[in-house]
Amino acid sequence: MKRTTAAITAVGGYVPEFVLDNKKLEQMVDTNDEWITSRTGIKERRILKGKDLGSSDLAVPAIKELLDKRGISASEIDLIICATTTPDLVFPATANIIARKIGAQNSFGFDLQAACSGFLFALTTGSKFIESGTHKKVLVVGVDKMSAIIDYEDRATCVIFGDGGGAVLLEPNTEGYGIIDARLYSDGNGEKHLHQKAGGSRRPPSLETVKNKEHYVYQEGAAVFKHAVVSMADVSEEIMTRNNLSAEDVAWLVPHQANKRIIDATARRMGLDASKVMLNIEKFGNTTSGTIPLCLWEWESKLSKGENLVLSAFGGGFTWGAVYVKWAY
Ligand code: UT7
């Protein structure tokens, strides 16, 4: 019998309307367009405005688009896995909130936290439910409202992050398309370089934590950069070697969009020309769990059945990984 794989059969994406460009940031903190562009590749990012709107409000339009394209109703979804670092609430899971909002009454769901690698961890997890035969339609969501945890007085972080996300549908395939292989890694020693200090059980919210601005992203950029640039290139090369993929065999690199310099270094190591690299960091910045599905969403019409994609990410934790996907449509 042929192996069952989890094929991506539809993609949806969403970014909010409000554009925060480098010029606006120049009015807010001591920075400039030249610094941001040359160090990161970012020109603009999107921000979700509006009272009481959370990550689920970014996910819902993306999922509705996906369901529309695939021509199915939300009640056909078996499982929703939502990768996010900015859940609507500490609990219940944003996946549950999404299920209620889209009417996925026959699904179960849970959130998955792996920072910027979240979408790849969720995609790999979702693929196992398909491969085992227990589930037929799995929604994998990657979404973040990073503006909820960014200090817009801290120039080291506020220039980088944005809001947005997307979703893919996984369905069984017996013709060799879909998620073929994945390599995922975590290293808890990375915590000190990239974390949010308060708001969890170790340091619950208090007047003191708010006063000390401990509910924002804390990042030692240079230290994270050093690890990211090596690990993302290493794991991308590893997945190629494991699957006997040459540079010619790879049609697309789908990289997490944290810094153009990290993406360039990864592509160089893989031997890929810039024309094979999905890059939209200049428009959306780093949307954490949202970057990879947003790339797939933007490039969907350019993809062809049978093309080999390498999805690659690095993030807080540290977490990192690469997934080899054979495009199914
Ligand atoms: O997605 C999750 C994982 N995260 C990442 O992968 C991020 C990895 N890190 C990075 O992308 C880069 O480290 C940053 C973009 C965050 C920073 O770039 P960098 O080249 O590593 O800069 P740096 O932090 O070493 O700072 C260099 C200088 C410093 O000034 P001095 O000490 O040289 O005078 C900073 O104070 O740039 C200064 N600086 C800025 N200047 C203008 C830092 N932020 C800014 C800013 N505008 N926004």
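This structure is a prediction, so every number in the text was calculated from the model and none was measured. All ligand and atom numbering here is 1-based and tracks the order in the structure.
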Any protein heavy atom under 4.0 Å from atom 31 (P) of ligand 1? no
Atom 41 (N) of ligand 1: which of K226, R155, H227, Q257 has the nearest heavy atom? R155
Please check if a non-hydrogen protein atom sits closer than 4.0 Å to atom 34 (O) of ligand 1. no
Top protein contact for atom 4 (N) of ligand 1, by heavy-atom distance: Q219 OE1, 3.2 Å
When you look for heavy atoms under 4.0 Å from ligand 1, do you find them on the side chain of I262, its backbone, both, or neither? side chain
Identity of the nearest option to atom 15 (C) of ligand 1, non-hydrogen atoms only, from L194, V217, T40, L25: T40
Has ligand 1 got any nitrogen or oxygen that is less than 3.5 angstrom from a nitrogen or oxygen of N32? no
Write out the residue and atom name of the closest protein heavy atom to atom 9 (N) of ligand 1, then the distance separating them to 0.1 Å. G221 O, 3.1 Å
V159 heavy atoms, cut-off 4.0 Å: which ligand 1 atoms fall inside? 48 (N)
Do NZ/NE/NH1/NH2 and the carboxylate oxygens of R202 and E191 come within less than 4.0 Å? yes
Hey, looking at atom 3 (C) of ligand 1, which of V224, T85, I42 has the closest heavy atom? V224
Assess whether a salt bridge exists between K283 and E44, defined as any Lys/Arg side-chain N lying under 4.0 Å from an Asp/Glu carboxylate O. no
For E208, is there an ion pair with K211 - N to carboxylate O distance below 4.0 angstrom? no
Less than 4.0 Å is my threshold; does some heavy atom of R261 fall inside it relative to ligand 1? yes
Sub-4.0 Å protein heavy atom near atom 27 (C) of ligand 1: yes
Using a strict cut-off of less than 4.0 Å between a Lys/Arg side-chain nitrogen and an Asp/Glu carboxylate oxygen, indicate whether K213 and D154 qualify as a salt bridge. no
Distance filter under 4.0 Å to C116 heavy atoms, resulting ligand 1 atoms: 1 (O), 2 (C)
Looking at R155 and D30, is there a salt bridge between them, counting it only when a charged N and a carboxylate O are closer than 4.0 Å? yes
Assess A222 for proximity to ligand 1: is some non-hydrogen atom of it under 4.0 Å away? yes
Looking only at protein heavy atoms, which one is nearest to atom 16 (C) of ligand 1, and what is the separation? I160 CD1, 3.6 Å
Using 30° and 60° as the class boundaries, would you call the ring planes of F129 and F110 parallel, tilted or perpendicular? tilted
of all protein heavy atoms, closest to atom 1 (O) of ligand 1 is N286 ND2, 2.8 Å
Using a strict threshold of under 4.0 Å (side-chain N to carboxylate O), is an ion pair present between R242 and E238? no
F225, portion touching ligand 1 at heavy-atom distance under 4.0 Å: both
Show which atoms of ligand 1 fall inside a sub-4.0 Å distance from at least one heavy-atom site of A258. 1 (O), 5 (C), 6 (O)
Taking NZ in K260 as the centre, count heavy atoms belonging to other residues, nucleotides or ligands within less than 6.0 Å. Is the count above 12? no
What atoms of ligand 1 come within less than 4.0 Å of a heavy atom belonging to R39? 19 (P), 20 (O), 22 (O), 27 (C)
Determine whether any protein heavy atom is located less than 4.0 Å from atom 20 (O) of ligand 1. yes
Lys/Arg cation over aromatic Y177: K326, 6.0 Å, 45° cone: no
Pairing donors with acceptors under 3.5 angstrom, does anything connect the side chains of S312 and S236? yes
Protein contact of atom 44 (N) of ligand 1 - nearest heavy atom, named by residue and atom, plus distance: W35 CH2, 3.4 Å
Between K101 and D57 (salt bridge meaning N to carboxylate O under 4.0 Å), is one present in this structure? yes
Identify whether the distance between the nearest side-chain nitrogen and carboxylate oxygen of E214 and R203 falls below 4.0 Å. yes
For atom 11 (O) of ligand 1, find the nearest protein heavy atom and state the residue, atom name and distance (0.1 Å precision). N259 ND2, 2.7 Å
For atom 47 (N) of ligand 1, which of I36, T31, V29 has the closest heavy atom? T31
If you compare all heavy atoms of H193 against all heavy atoms of V224, which two are closest, and at what distance to 0.1 Å? O-CG2, 3.7 Å
If you look at every heavy atom in K24 and D21, which pair is closest and at what distance? N-OD1, 2.9 Å
